[in-house]
Protein chains: 2
Amino acid sequence: MISNKAKYALRALLAIAAQHGGEALTSIEIAKRHRIPHKFLEQILLDLKKAGILESRRGKLGGYVMLRPADTITFGEVLRIFEGPLAPLPCLSRNAYRRCEDCENEARCEIRREFARSYEASRQVLDSRTIADALAESPAMPFVAQDRRAG
Amino acid sequence: MISNKAKYALRALLAIAAQHGGEALTSIEIAKRHRIPHKFLEQILLDLKKAGILESRRGKLGGYVMLRPADTITFGEVLRIFEGPLAPLPCLSRNAYRRCEDCENEARCEIRREFARSYEASRQVLDSRTIADALAESPAMPFVAQDRRAG
DNA sequence: CTTAATCTCTATAGAGATGATAGGGATATG
DNA sequence: CATATCCCTATCATCTCTATAGAGATTAAG
């Protein structure tokens, strides 16, 4: 199961990316719409900003907008920010490889071999599907916000 | 990342299933071979027994043997015993379905839709690959123990 | 300049999961 | 009876998750 944090982050991103005209969305508005505890959401949005995904404006009329276009942000990328490596075993992570301390022979490890298959299958989905893809297939929201950064 | 518990369980199962002639393996032997804390492993083997996967014998000459043949035990089944539902969202679990409390419209939820793809991909691997499959592909152990229950 | 709205940052805390460790009880063998 | 093994329960330290809280920084409006 994914964490609430990651789920909230994805909800928030979908909302911000879907915002017409690329207008800023406030954390309060997102929290109200999606029933996310406001102060918890603030932390999450801050993480997304630090990750270079969102841009923020402070003060009155402040809020959040996409920094990078929604079609460049995959579900996998967002998950990794909040959950760490997606790999089921440390020895299968590309970005965060660690040897299993107690593993005798990685190349012959049956467990590693089997999980590699499973991981590869889900990784290919998570690392290819973007926020924009998800919105594009949404029946209630046919118009996808992609790159609407103010020029 | 999967838990140590699940990893230990899989290691133990692979060892027991690979045992020539279906001889019993003791928890001490498994713990020594695979560097698993012995008392921790005992709990795990007990869980596997309660799940109907292993059979045990007490006393001298005791140990564990497979109850069900190794080609009927999938990685997914073992994982579920120790990690609970494999689904990334409660609303995607078949056996343990729960509605996301804060979800407005499950059918239209973009997050659910995307994770369904990813989950389906990994589930198909985990629920089809068995302990016997894993051993069969192991270069160091070409002879697979399948159904060796004493008649 | 003041006020209000918003983002920013850090601290704290309860609940539960994780990963063991420990001790003894039950059972089988010889 | 002695020994080896499985069986069962309790306990514990650590970490993570899920917040909650409060104050500071920034901006816009009046």
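Because the structure is a prediction, the values reported are computed rather than measured. Each chain gets a letter, A, B and so on, in the order the sequences are listed, and its residues count up from 1.
Residues meeting the side-chain hydrogen bond (donor to acceptor under 3.5 Å, both in side chains) test with A/Arg98, sequence neighbours left out: none. Annotation: ring-ring contact (aromatic ring centres under 6.0 Å, His included) contacts of B/Tyr64 (sequence neighbours excluded): none. Every side-chain hydrogen bond (donor to acceptor under 3.5 Å, both in side chains) that A/Arg129 has, sequence neighbours left out, goes to A/Glu137, B/Glu114. Residues satisfying the side chain to side chain contact (heavy atoms under 4.5 Å, CB included) criterion with B/Ala12, sequence neighbours excluded, are B/Ile30, B/Leu41, B/Leu45. The side-chain hydrogen bond (donor to acceptor under 3.5 Å, both in side chains) test applied to B/Arg57 returns no partner, not counting sequence neighbours.
For residues 40-52 of chain B, the pairs satisfying side-chain hydrogen bond (donor to acceptor under 3.5 Å, both in side chains) are B/Lys39-B/Glu42, B/Lys49-B/Ser56, with sequence neighbours left out. Counting only residues at least two apart or in different chains, salt bridge (charged side-chain N to carboxylate O under 4.0 Å, His left out) contacts with residues 13-35 of chain A comprise A/Glu29-A/Arg33, A/Arg35-B/Glu104. Listed by first and then second residue, the salt bridge (charged side-chain N to carboxylate O under 4.0 Å, His left out) pairs involving residues 3-20 of chain A are A/Arg11-B/Asp102 (not counting sequence neighbours).
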Counting only pairs under 3.5 Å, give me each side-chain donor-acceptor contact of residues 83-97 of chain B, with atom names and distances, residues two or more places apart or in other chains.
unit_1, atom_1, unit_2, atom_2, d
B/Glu83, OE2, B/Ser3, N, 2.8
B/Glu83, OE2, B/Ser3, OG, 2.5
B/Ser93, OG, B/Ala96, N, 2.9
B/Tyr97, OH, B/Glu106, OE1, 2.7
B/Tyr97, OH, B/Glu106, OE2, 3.3

Just the table, please: protein N/O against nucleotides 13-15 of chain C N/O, every pair under 3.5 Å.
none

Using the 3.5 Å cut-off, write out each protein N or O paired with an N or O of nucleotides 4-8 of chain D and the distance between them.
unit_1, atom_1, unit_2, atom_2, d
D/dT5, O2, B/Gly59, N, 3.4
D/dC6, OP1, B/Ser27, N, 2.8
D/dC6, OP2, B/Ser27, OG, 2.5
D/dC6, O3', B/Ser56, OG, 3.4
D/dC7, OP1, B/Lys49, NZ, 2.6
D/dC7, OP1, B/Ser56, OG, 2.5
D/dC7, OP2, B/Tyr64, OH, 3.1
D/dC7, O4', B/Arg58, NH1, 3.3
D/dC7, N4, B/Lys39, NZ, 3.3
D/dC7, N4, B/Glu42, OE1, 3.2

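Non-hydrogen atoms lying under 4.0 Å from DNA chain D are contributed by nothing in residues 89-103 of chain B.
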